[in-house]
Amino acid sequence: MSAYKSEFLQTLDERGFIHQLSNADGLDKLLCEETVTAYIGYDCTAPSLHVGNLVQIMLLYWFQKTGHRPLALMGGGTSMIGDPSGKDESRNMLSIDKIEVNKAGICDIFSKFLKFGDGPRDAIMPDNADWLMQLNYVDFLREYGKNFSVNQMLARDSVKNRLGREQHLSFLEFNYMIFQAYDFVELFQRYGCRLQMGGSDQWGNIVSGVDLGRRCGTKELFAVTAPLLTTSSGAKMGKTAEGAVWLSSDMLPVYDYWQYWRNCEDDDVGRFLKLFTSLPLDEINRLQSLKGAEANEAKKILATEATAMVHGRKPAQEAAQTARKTFEEGVLADSLPTINVTQDSLQEGIGILTMIVEAGFASSNGEARRHIKGGAIRINDISVSDDRATLNSTQRDNDGVIKLSMGKKRHVLIRAK
């Protein structure tokens with residue numbers, strides 16, 4: 001039984017979201033007494049978020065579901081600096097135009113999880129560029145610089161780890177935690193925001209904001225962090241050998257996203273169902289108890305439910321149907337990811353290495369050669385052993401497509417237009 005009285009903290013506790021809390025009793029009491037505003041910040045460093053961001057997105061999802069107001073803060077300003085947390089080197093500097101493009105892609109994702117509007121519990125999405133880009137540096141230092149201890153800043157993990165490994169940390173990055181702390185105070189003043197949430201690697205930055213609020217005379221501010229997840233085998237969530245597991249279908253097909261969850265390790269099914277779906281806990285406990293062949297059914301449910309959260313119910317069901325036809329019925333499903341090529345190029349023949357990279361099975365020709373050498377690549381279910389092989393028009397089936405596969409569960413259709 002949960003030790004918390006508020007529905008939000010009960011939900012987080014029961015589903016495994018809580019890693020750290022500041023003044024848990026005070027936050028629990030506040031959540032029971034009023035509608036609270038909480039935020040998580042997202043820097044615009046890529047045109048999509050990925051699976052590694054999902055835990056934080058689900059924090060906002062459950063915050064709204066339990067009667068409170070979520071605030072998804074776009075980091076248009078802090079993206080100009082770069083967060084050193086968990087990084088071994090400085091981020092590449094992004095132009096303002098690139099940040100805006102990335103922000104648009106990220107905003108689309110949140111519409112799947114949150115209800116936006118003007119109501120007291122409707123989500124809002126401000127951008128910290130609105131205040132950070134207007135700051136006068138000298139005035140800012142005079143008013144807020146005195147509240148930050150360099151000794152404490154040097155002791156933060158994000159700084160200490162870089163310095164301990166003698167890796168370059170620019171003064172630009174060193175300022176990141178100051179601006180994140182200032183964001184918290186600014187959001188309190190603008191929206192009455194009392195809670196900041198994030199991954200456990202953000203704890204130092206978040207409590208800096210809590211402390212700055214106290215020094216600036218705000219009401220008490222609070223912090224919640226969730227654990228940074230790895231799979232049972234220790235792999236980092238959101239990464240595969242082929243790259244990041246993006247949440248945008250423009251960067252990763254829905255079918256591949258479904259397959260990512262279907263291929264999870266047995267020991268992760270119950271934990272992932274709690275974190276990445278909205279299924280009731282009783283149902284999750286039932287699915288978690290399945291053994292043997294039935295455990296695969298639990299993985300399929302995880303894949304469909306997790307995909308539905310991001311891409312919608314219909315695309316998730318279509319991905320599940322595609323997988324069923326492909327693997328259980330041996331039927332070539334039209335909804336498999338498709339690469340369109342020209343009739344002329346297929347007539348001349350397209351190098352197998354080129355198509356492996358184009359399909360996203362490898363990031364380079366060298367990696368593609370290794371897949372071929374390992375026996376992982378097939379054309380129309382026939383193994384390929386020659387890295388000089390080509391795909392050509394003679395290999396098309398009656399529907400005019402060629403199936404390119406890597407392993408047993410990754411397939412694309414090559415179709416001439």
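A quick note: this is a predicted structure, and the numbers were derived from the prediction, not measured. Computed from heavy atoms alone, side chains included, the values below leave out hydrogens, waters and symmetry copies.
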Checklist entry - With a 4.5 Å heavy-atom cut-off, do Leu31 and Tyr4 have their side chains touching? => result no
Checklist entry - Please walk me through it: do Arg214 and Asp211 pass salt bridge (charged side-chain N to carboxylate O under 4.0 Å, His left out)? => result CA-CA 5 Å; Arg214 179 180 58 80; Asp211 185 58; 2.4 Å; yes
Checklist entry - What is the minimum heavy-atom distance between Gly77 and Met133, and which atoms define it? => result CA-SD, 4.5 Å
Item to check | Any Val412 side-chain heavy atom under 4.5 Å of Phe361 side chain | outcome: yes
Next on the checklist: Applying side chain to side chain donor-acceptor pair (under 3.5 Å) as the test, list every pair that has at least one member in residues 66-75; sequence neighbours left out.
Outcome noted: Thr37-Arg69
Item to check | Whether Tyr257 and Trp261 hold their rings parallel, tilted or perpendicular, with breakpoints at 30° and 60° | outcome: perpendicular
Checklist entry - When rounded to the nearest 0.5 angstrom, what is the spacing between CG in Leu132 and OG1 in Thr78? => result 6.5 Å
Checklist entry - Does any N or O in the side chain of Ser48 come within less than 3.5 Å of the main-chain N or O of Ser248, such that one atom is a donor and the other an acceptor? => result yes
Item to check | Ion pair check, Asp28 and Lys5, cut-off under 4.0 Å | outcome: no
Checklist outcome for this item: Residues Gly76 and Ala129: closest non-hydrogen pair is C-CB, 3.8 Å
Checklist entry - Once you round to the nearest 0.5 Å, how far does CD1 of Ile106 lie from CE of Met74? => result 6.0 Å
Next on the checklist: Evaluate Leu73 against Ile40 for side-chain contact (heavy atoms from CB on, under 4.5 Å), listing each step before the verdict.
Outcome noted: CA-CA 6 Å; Leu73 178 66; Ile40 299 177; over 6 Å; no
Checklist outcome for this item: By side-chain contact (heavy atoms from CB on, under 4.5 Å), Asp256 pairs with (sequence neighbours left out) Leu252, Pro253, Pro337, Arg410
Checklist entry - Can any side-chain N or O of Asp267 pair as donor or acceptor with the backbone N or O of Ser232 at less than 3.5 Å? => result no
Next on the checklist: Can you tell me how far apart NE2 (His371) and CZ (Arg378) are? Round to the nearest 0.5 Å.
Outcome noted: 13.0 Å
Checklist entry - Between Asn102 and Leu94, does a side-chain contact (heavy atoms from CB on, under 4.5 Å) hold up when you go through it step by step? => result CA-CA 10 Å; Asn102 290 346; Leu94 299 174; 4.3 Å; yes
Checklist entry - Can you find a heavy atom in the side chain of Ile414 that is under 4.5 Å from one in the side chain of Val341? => result yes
Checklist entry - Does the side-chain contact (heavy atoms from CB on, under 4.5 Å) test come out yes or no for Leu59 and Leu12, once each step is laid out? => result CA-CA 8 Å; Leu59 286 173; Leu12 296 197; 3.7 Å; yes
Checklist entry - Do Lys65 and Phe8 come close enough that some side-chain heavy atom pair is under 4.5 Å? => result no
Next on the checklist: If we ignore hydrogens and angles and just use 3.5 Å, is the side chain of Glu367 paired with the main-chain N or O of Ser363 as donor and acceptor?
Outcome noted: yes
Next on the checklist: Could you report the tightest heavy-atom contact between Gln395 and Leu391, atom names first, then the distance?
Outcome noted: OE1-CA, 3.0 Å
Checklist entry - Can you find a pair of side-chain heavy atoms, one from Met406 and one from Ile356, that are under 4.5 Å apart? => result no
Item to check | Flag side-chain contact, heavy atom, 4.5 Å: Trp203 against Ser22 | outcome: yes
Checklist entry - Which pair of heavy atoms, one from Ala298 and one from Leu290, lies closest together, and at what distance? => result CB-CD1, 4.3 Å
Checklist entry - Under 3.5 Å, side chain of Asp127 to main-chain N/O of Asp130, donor-acceptor pair present? => result no
Item to check | CD-CH2 distance between Gln321 and Trp258, expressed to the nearest 0.5 angstrom | outcome: 10.5 Å
Checklist entry - Does a donor on one side chain sit under 3.5 Å from an acceptor on the other, for Asp43 and Tyr176? => result yes
Checklist entry - Does the Asn380 side chain pair with the main chain of Ile402, one donor and one acceptor, at a distance under 3.5 Å? => result no
Item to check | Flag, side chain of Asp13 to backbone of Gln10, donor-acceptor distance under 3.5 Å | outcome: no
Item to check | Closest contact, heavy atoms only, Pro126 versus Leu187 | outcome: CG-CD2, 4.2 Å
Checklist entry - Leu353 versus Arg369: any side-chain heavy-atom pair under 4.5 Å? => result yes
Next on the checklist: Applying side-chain contact (heavy atoms from CB on, under 4.5 Å) to Ile124 and Tyr191, what does each step give before you reach the verdict?
Outcome noted: CA-CA 10 Å; Ile124 50 178; Tyr191 304 103; 3.5 Å; yes
Item to check | Derivation of the ring-ring contact (aromatic ring centres under 6.0 Å, His included) call for Phe116 and Phe110 | outcome: CA-CA 9 Å; Phe116 289 86; Phe110 282 97; 7.4 Å; no
Checklist entry - Got more than 12 heavy atoms from elsewhere within 6.0 Å of NZ, Lys29? => result no
Checklist entry - Are Arg262 and Gln259 linked by a side-chain donor-acceptor pair shorter than 3.5 Å? => result no
Next on the checklist: A side-chain contact here means heavy atoms from C-beta on lying under 4.5 Å apart; do Leu114 and Leu60 qualify?
Outcome noted: yes
Checklist entry - Ring centroid separation for Tyr39 and Phe184, is it under 6.0 angstrom? => result yes
Item to check | Arg121, CZ atom: more than 12 neighbouring heavy atoms under 6.0 Å | outcome: no
Item to check | N/O donor-acceptor pair under 3.5 Å between Asn205 side chain and Gln180 backbone | outcome: no
Next on the checklist: Quick one: does any side-chain atom of Thr304 pair with a main-chain N or O of Ile301 as donor and acceptor, under 3.5 Å?
Outcome noted: no
Item to check | Tyr182 side, atom OH; Asn147 side, atom CG - distance, nearest 0.5 Å | outcome: 12.5 Å
Kindly list each side-chain donor-acceptor pair under 3.5 angstrom involving residues 309-316, sequence neighbours excluded, with atom names and distances?
| residue | atom | partner | partner atom | Å |
| --- | --- | --- | --- | --- |
| Arg313 | NH1 | Glu305 | OE2 | 2.9 |
| Arg313 | NH2 | Glu305 | OE1 | 3.1 |

Which donor-acceptor pairs under 3.5 Å do side chains of residues 216-227 form with protein atoms, sequence neighbours excluded?
| residue | atom | partner | partner atom | Å |
| --- | --- | --- | --- | --- |
| Thr218 | OG1 | Gly213 | O | 3.1 |
| Glu220 | OE1 | Asn23 | ND2 | 3.4 |
| Glu220 | OE2 | Asn23 | ND2 | 2.9 |
| Thr225 | OG1 | Gln20 | N | 3.3 |
| Thr225 | OG1 | Gln20 | OE1 | 2.7 |

Checklist entry - Hey, what do you get for OG1 (Thr354) to CG (Asn365), rounding to the nearest 0.5 Å? => result 6.0 Å
Item to check | Leu141 atom CG, over 12 foreign heavy atoms within 6.0 Å | outcome: yes
Checklist entry - Can you name the nearest heavy-atom pair linking Asp122 to Gln64, along with the distance? => result CA-NE2, 3.7 Å
Checklist outcome for this item: Residue pairs meeting salt bridge (Lys or Arg N to Asp or Glu O under 4.0 Å), one or both in residues 187-199, sequence neighbours left out, come to Glu186-Arg190
Donor-acceptor pairs under 3.5 Å, side chain of residues 270-286 to any protein atom, not counting sequence neighbours: which ones?
| residue | atom | partner | partner atom | Å |
| --- | --- | --- | --- | --- |
| Arg271 | NH1 | Thr230 | O | 3.4 |
| Arg271 | NH2 | Thr230 | O | 2.9 |
| Arg271 | NH2 | Asp268 | OD1 | 2.7 |
| Thr277 | OG1 | Leu273 | O | 2.6 |
| Thr277 | OG1 | Leu279 | N | 3.3 |
| Glu283 | OE1 | Arg286 | NE | 3.1 |
| Glu283 | OE2 | Arg286 | NH2 | 2.9 |
| Asn285 | ND2 | Leu281 | O | 3.2 |

